[in-house]
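Heads up, the thing below is written out as structure tokens.
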There are 2 protein chains.
Amino acid sequence: MPCFDTISSQDLARGAVLLGTGGGGDPHVGELFLRRQLQRGLQPRLMPLAELADEAFVVSVAGIGAPTVLVEHLLSEAALRHLLQQAEAFYARPIDALICAEVGGANAMLPLAAAALSGLPLVDADGIGRAFPHIDMTTFGIHGCSASPALFSDDLGNLARLSAVDNPSLELMVRALAASLGGSLYGVLYPLSGAQAKRFAVAGSITQALRIGRHIREARAGSADPVAGLVRFLDGLEPGRRARELFDGKVADVRHETRDGFHWGQVLLEPASGSGEAVLIDIQNEFLRARQGERVLAVVPDLLCLLDSESAEPLTAENLRYGMRVRLLAYAAPPCLLSEAALAVVGPARFGLDSPWRSFLADDQGRAPA
Amino acid sequence: MPCFDTISSQDLARGAVLLGTGGGGDPHVGELFLRRQLQRGLQPRLMPLAELADEAFVVSVAGIGAPTVLVEHLLSEAALRHLLQQAEAFYARPIDALICAEVGGANAMLPLAAAALSGLPLVDADGIGRAFPHIDMTTFGIHGCSASPALFSDDLGNLARLSAVDNPSLELMVRALAASLGGSLYGVLYPLSGAQAKRFAVAGSITQALRIGRHIREARAGSADPVAGLVRFLDGLEPGRRARELFDGKVADVRHETRDGFHWGQVLLEPASGSGEAVLIDIQNEFLRARQGERVLAVVPDLLCLLDSESAEPLTAENLRYGMRVRLLAYAAPPCLLSEAALAVVGPARFGLDSPWRSFLADDQGRAPA
């Protein structure tokens, strides 16, 4: 298990933005939060998923809402500690371990900071292997685990303890609460047994994010083209999960809107070469779909990532600006997200997209990845 | 204390609609609910406010949301019983008595039904002496009592236990939750000590509603003009609270909208005589303001009531239809709602109305009430 320091915190944040596919919140605040704990000598303990006891009590800690707003509503250490205390009181049992609901962006960093602060171990796993905008969009949810009872708090001290009849109802309730309280909340959700977590979680997510971040840092120091190097690295990282560079372009237009507790938008990329067809990316917190005219290049649950063309820095959707030089990367979803049952929860139709899921590799004829 | 039967239940419902000033929800469902308890021999106990022990634990039971929707989401006995059980578990102490948050419409009937069902006494008082659309708009709130911790449930079993930093924040949270769950919720709120209830509640509200309802029933059987009789009755009912008939007309236009967990609207009344200036009434759940051109006839917190012209039946805002013959009555607010502190919470500005509060009697020159 890694010992965290400033460099590995940055690595993790960078890897988490890539796996967050533009969403999950800017990890910078969570990174600062974690760094502060490290400075105080509080080291988060990362626990391999397999080591979790069957009867352990595991909960997720996550920020909920529009990433555009999450960075403006900072959670204090006292508020995070209070939230965990309230959770133990509400569940009427001590928490044995924390887990990331999603490994994207701030939602990878916050649980790690909570682990450092509370002394609870963080399981090296998450509930999705990427980031998704809805609470019910997790492997836990796909397998019938209830996200509630759950607690949500804002940065002012308003607290909601929710019991929902199903996960989509919890999502409706939390999203409405977030919108009513300024756009974002912090929560404790998905109370699971260790046995459930071991059966349903995506294992190794935290170390995967760390490795991706470390690769980017090292490639940037050495490689002539860090993006091409990253694509090769991802393409060989896990069996059955391929990666491809889909487009080299610049941001020609960005539309952002923070509404109903989400960050909505579209990004138009024009070819870097100056000629060729533009690419349009749809956003709901995360990058959902990339299209070139009518042709879908890639769509959820596959991961879409925008990287700075030169440095391979993964970019969050809310930080995109006109004129940025970017390269678009697709990384295959974890296989567990591609079953029929999983696609019913995290497939394109759930986002109102009329493109059925189709692998971005479907018409790949052995093209070079860059 | 009255013993309830079918007739007194109807009296109470009728009086509660009048005091609900168009809002508070249609009492018919609550009346049926109460009647069912009476048929089973369960009699609600009404307790005079003065008899409440200082150390008693008193809570309000209320429906929250748009009255247009409340009637479509019926609360089952099991759900109401479950809500009270959850409340005792959440507050970690037994409830000693129930009180109406507001005496208007369904929110007068529901607590009485809950009292019959649970065996808990209902205090003969309420937190406003009328109905208001916002949770924080009560005499409890005006005097600094917190409406939370509070619980809210829908008819499907979704449950939210909320702790808010202040009453307006609770209102925002509950309203958003209600809107996300179909428009209405049922809740337990304003946990008070007996001492607080005795100090801040409006005493005698339930018996007042009963007396008003009984008067209408009896006047209808006897009087040539039940509306004129009712105005005289109200005018003499409590010292310092006058009543006037403001307008005799017919509904020429109604605009309804159910949005953001409220029922919004405007009603245009044309003179029954066929000539003269029309009256426009603004609605947010309740009737807020009546204007004749630029001239404000009456405005919150004074009570505005629309009555059927012939039968003096009080009408709820959501049931108004084109062509109805109606008479507009103003009834002075309880004096405790007219202090500067009270007007800051329940005055016209809180509803976005640009008319400062001014008694409807201000330019009364001893005109005959009809």
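Just so it is clear, the model here is predicted, and its values are computed rather than measured. Chain letters run A, B, ... following the sequence lines, proteins first and then strands; every chain starts at 1.
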Looking only at heavy atoms, the pair that brings A/Ala106 and A/Pro111 closest together is O-CD, 4.2 Å

Contacts of A/Ala201 meeting side chain to side chain contact (heavy atoms under 4.5 Å, CB included) (sequence neighbours excluded), chain-then-number -> A/Leu49, A/Ile99, A/Ala125, A/Phe140

Whatever's closer than 4.5 Å to a heavy atom in chain B on A/Ala160 counts as both

If one checks every heavy atom of A/Phe90 against chain B at 4.5 Å, the contacting part turns out to be side chain

Next on the checklist: Is there a side-chain contact (heavy atoms from CB on, under 4.5 Å) between A/Val61 and A/Leu84? Walk through the geometry before answering.
Outcome noted: CA-CA 9 Å; A/Val61 179; A/Leu84 290 172; 4.3 Å; yes

Sequence neighbours excluded, the answer for ring pair (Phe, Tyr, Trp, His ring centres under 6.0 Å) partners of B/Phe351 is B/Phe132

Step through the atoms of chain A and chain B and list each donor-acceptor pair whose separation is under 3.5 Å.
{"from": "A/Asn158", "atom 1": "OD1", "to": "B/Val165", "atom 2": "N", "distance (Å)": "2.7"}
{"from": "A/Leu159", "atom 1": "N", "to": "B/Ser163", "atom 2": "O", "distance (Å)": "2.7"}
{"from": "A/Leu159", "atom 1": "O", "to": "B/Ser163", "atom 2": "N", "distance (Å)": "2.8"}
{"from": "A/Arg161", "atom 1": "N", "to": "B/Arg161", "atom 2": "O", "distance (Å)": "2.7"}
{"from": "A/Arg161", "atom 1": "O", "to": "B/Arg161", "atom 2": "N", "distance (Å)": "2.7"}
{"from": "A/Arg161", "atom 1": "NH1", "to": "B/Ser163", "atom 2": "OG", "distance (Å)": "3.0"}
{"from": "A/Arg161", "atom 1": "NH2", "to": "B/Ser163", "atom 2": "OG", "distance (Å)": "3.3"}
{"from": "A/Ser163", "atom 1": "N", "to": "B/Leu159", "atom 2": "O", "distance (Å)": "2.8"}
{"from": "A/Ser163", "atom 1": "O", "to": "B/Leu159", "atom 2": "N", "distance (Å)": "2.7"}
{"from": "A/Ser163", "atom 1": "OG", "to": "B/Arg161", "atom 2": "NH1", "distance (Å)": "3.0"}
{"from": "A/Ser163", "atom 1": "OG", "to": "B/Arg161", "atom 2": "NH2", "distance (Å)": "3.4"}
{"from": "A/Val165", "atom 1": "N", "to": "B/Asn158", "atom 2": "OD1", "distance (Å)": "2.7"}

Between A/Leu337 and A/Leu343, the two heavy atoms sitting closest are O-CD2, 3.7 Å

Smallest heavy-atom separation, A/Pro191 atom then A/Ala147 atom, equals CD-O, 3.7 Å

So, the part of B/Ala179 with a heavy atom under 4.5 Å from chain A: the answer is neither

Applying side chain to side chain contact (heavy atoms under 4.5 Å, CB included) to A/Ala115 and not counting sequence neighbours gives A/Pro44, A/Leu98, A/Leu122

